[in-house]
2 protein chains.
Amino acid sequence: MNSPMKPDRQHVAHDEADLDFTLIELLFFAYRDFTSDPDAILARYGFGRAHHRVLHFVNRRPGLTVAELLAVLRITKQSLARVLKQLINMGYIVQVQGPRDRRQRELYPTKKGRTLALALAVPQSRRIRAALEEAGIEDRAALERFLKAMVNPELRAQVDLPGRSAERTSERGKTE
Amino acid sequence: MNSPMKPDRQHVAHDEADLDFTLIELLFFAYRDFTSDPDAILARYGFGRAHHRVLHFVNRRPGLTVAELLAVLRITKQSLARVLKQLINMGYIVQVQGPRDRRQRELYPTKKGRTLALALAVPQSRRIRAALEEAGIEDRAALERFLKAMVNPELRAQVDLPGRSAERTSERGKTE
DNA sequence: AAATTATGTCAGCCATATTGACATAATTAG
DNA sequence: CTAATTATGTCAATATGGCTGACATAATTT
């Protein structure tokens with residue numbers, strides 16, 4: 001083996017054939033359209049995608065602190081500030097002083113906030129459901145495992161909801 | 001039927017239980033980290049994600065026109081202009097007059113452009129490969145079908161590479 | 001008492017997106 | 001042939017959502 005006519009695969013570590021352009025592009029296209037769903041709704045409220053992300057996670061993890069939210073969104077405090085302030089001023093989110101540590105501000109959605117969060121999730125959920133059906137997905141758990149495995153290992157704890165037993169946390173009980 | 005104590009499911013079309021928050025969040029987290037991979041590389045070139053997307057699609061669809069690129073990226077001409085101009089000026093992309101329609105500018109990567117495009121794809125491809133393995137994906141085709149089904153039906157043609165039979169990615173494309 | 005932490009805020013900067021208007025050249029339609 | 005349309009490029013202005021650095025306050029920890 002290793003005939004002189006063959007490219008030296010040990011040194012040329014990557015050529016096009018080795019790269020999974022198919023899934024790279026499918027992820028791009030899928031996410032492009034997935035995120036486009038809520039935009040029309042958001043525009044009617046004068047909000048953008050940043051508001052959506054904040055509202056989503058506050059709704060899903062009620063009581064999370066500002067620091068936790070920053071870690072989930074992977075943005076800085078200053079980037080969050082403007083968006084969060086608007087959501088609070090307009091009555092979608094409330095802050096309450098942390099019970100254990102009074103420096104912390106726990107974030108909760110108001111009823112108005114929950115309603116909007118759900119309204120934004122509806123088209124995304126519908127798209128997912130239609131895609132699962134259309135693709136004839138039988139092993140949904142495999143899809144969840146794949147997506148979770150795409151997340152940086154040290155950040156996978158963020159994927160799981162805190163303090164909720166009834167939630168689907170795709171089979172493996174142990175945290176990794 | 002329709003007892004006064006039960007919520008009216010026919011009118012309240014969506015409550016939390018109906019919504020696929022699990023996959024909504026998994027898509028968010030997976031894509032968040034997936035896109036973070038090339039950032040370090042791009043920063044060394046003074047480029048951002050916009051440059052990455054342009055270079056990626058020019059590399060993958062050599063000869064595509066400006067209008068086609070705009071449709072794929074779903075941005076406006078003005079948004080593309082600055083980024084494309086930089087990539088051209090810095091020698092990553094070349095424009096050639098369209099053969100059929102001389103108004104069109106066909107876009108091609110230079111060798112330098114192809115090299116960078118591949119370098120950016122490497123960590124993304126590695127992440128995908130590791131996730132497929134870690135998740136023990138056996139039915140890769142199902143995953144591809146799902147992601148493609150997530151794309152707006154009228155835009156699915158964009159997903160398929162033009163003028164290429166199946167998976168063959170031979171070297172067409174003009175040299176600089 | 002001092003250090004650290006959680007949060008908030010100010011000021012400014014950058015990247016990427018938008019809309020609208022207009023210019024040019026090439027193609028197509030009448 | 002002329003007129004309309006098309007593909008592209010460009011200008012100006014604006015919005016959004018990121019960033020860094022600096023500083024302030026209150027609460028907790030050492």
Side-chain angles (χ1 to χ4, degrees), chain A residues 28 31-32 35-36 38-58 63-90 93-108, chain B residues 28 31-32 35-36 38-58 63-90 93-108:
Chain A
F28 169 79
Y31 200 78
R32 179 195 66 178
T35 53
S36 77
D39 282 355
I41 299 168
L42 288 162
R44 298 204 294 269
Y45 291 81
F47 290 152
R49 289 183 188 176
H51 301 86
H52 184 192
R53 291 193 287 268
V54 170
L55 185 57
H56 171 91
F57 283 108
V58 169
L64 94 172
T65 65
V66 170
E68 287 165 348
L69 183 54
L70 292 175
V72 166
L73 299 177
R74 307 240 78 194
I75 59 173
T76 61
K77 186 173 46 165
Q78 295 79 358
S79 299
L80 175 62
R82 191 184 13 183
V83 166
L84 182 57
K85 204 184 292 182
Q86 284 178 277
L87 286 166
I88 290 169
N89 290 340
M90 298 180 70
I93 290 175
V94 290
Q95 285 178 313
V96 312
Q97 208 172 48
R100 295 170 293 275
D101 184 334
R102 289 182 307 174
R103 290 171 304 181
Q104 293 182 332
R105 304 302 156 94
E106 294 186 344
L107 303 172
Y108 293 90
Chain B
F28 168 79
Y31 200 77
R32 178 194 68 178
T35 54
S36 76
D39 282 355
I41 299 168
L42 289 161
R44 298 204 294 268
Y45 291 81
F47 290 153
R49 289 183 188 176
H51 302 84
H52 184 192
R53 292 193 288 268
V54 169
L55 185 57
H56 171 91
F57 283 108
V58 169
L64 93 172
T65 66
V66 170
E68 287 165 348
L69 183 54
L70 292 175
V72 165
L73 298 176
R74 308 238 78 194
I75 59 174
T76 61
K77 187 173 44 165
Q78 295 77 1
S79 299
L80 176 62
R82 178 185 44 97
V83 165
L84 181 57
K85 204 183 294 181
Q86 285 177 277
L87 286 166
I88 290 169
N89 289 341
M90 296 179 70
I93 289 176
V94 290
Q95 284 179 313
V96 311
Q97 209 172 47
R100 296 170 295 274
D101 185 334
R102 289 183 306 174
R103 290 171 303 182
Q104 294 182 331
R105 305 302 158 94
E106 294 186 344
L107 303 172
Y108 294 90

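By convention in this document, chain letters (A, B, ...) are assigned in the order of the sequence lines, proteins followed by strands, and residues within each chain are numbered from 1. Because only heavy atoms are used, hydrogens play no part in the values below, and waters and symmetry mates are left out as well, while side chains stay in.
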Item to check | Strand contacts (DNA chain D) in residues 78-89 of chain B, 4.0 angstrom heavy-atom criterion | outcome: B:Q78, B:K85
Checklist outcome for this item: Of B:V66 and A:H51, the one whose nearest nucleotide on DNA chain D sits closer to the 5' end is B:V66
Next on the checklist: From CG of A:L42 over to C1' of C:dA17, roughly how many Å is that when rounded to an integer?
Outcome noted: 16 Å
Next on the checklist: Using OP1 and OP2 only, check whether a side-chain N or O of B:T76 sits under 4.0 Å from C:dT18.
Outcome noted: yes
Checklist outcome for this item: So CG of B:L80 and CG of B:L107: to nearest 0.5 Å the spacing works out to 8.0 Å
Sequence neighbours left out, cut at 3.5 Å: what donor-acceptor pairs do the side chains of residues 42-58 of chain B make with other protein atoms?
| residue | atom | partner | partner atom | Å |
| --- | --- | --- | --- | --- |
| B:R49 | NE | B:D39 | OD1 | 3.2 |
| B:R49 | NE | B:D39 | OD2 | 3.3 |
| B:R49 | NH2 | B:D39 | OD2 | 2.7 |
| B:H51 | ND1 | B:G48 | N | 2.9 |
| B:H51 | NE2 | B:Q86 | OE1 | 3.1 |
| B:H56 | NE2 | A:E25 | OE2 | 2.9 |

Next on the checklist: Let me check the geometry of the helix from C:dA1-D:dT30 to C:dG30-D:dC1. What is the bend angle between the axes at its two ends, five pairs each, to 10°?
Outcome noted: 30°
Checklist entry - Got a second to check how far A:I88's CD1 is from A:R105's CZ, nearest 0.5 Å? => result 9.5 Å
Item to check | Nearest-nucleotide 5' precedence on DNA chain D, B:A67 against A:R53 | outcome: B:A67
Checklist entry - For DNA chain D, which nucleotides open and close the run of contacts to chain B, 5' to 3', at under 4.0 angstrom from a non-hydrogen atom? => result D:dT6 to D:dC11
Checklist entry - Can you name the closest pair of heavy atoms from A:E106 and A:P99 and give their distance? => result OE2-CD, 3.1 Å
Checklist entry - Hey, can you pull the residues of residues 97-106 of chain A with a non-hydrogen atom under 4.0 angstrom from DNA chain D? => result A:R100, A:D101, A:R102, A:R103
Table please: side-chain donor-acceptor pairs of residues 66-78 of chain A below 3.5 Å, with sequence neighbours left out.
| residue | atom | partner | partner atom | Å |
| --- | --- | --- | --- | --- |
| A:E68 | OE1 | A:T65 | N | 2.8 |
| A:T76 | OG1 | A:S79 | N | 3.4 |
| A:T76 | OG1 | A:S79 | OG | 3.0 |

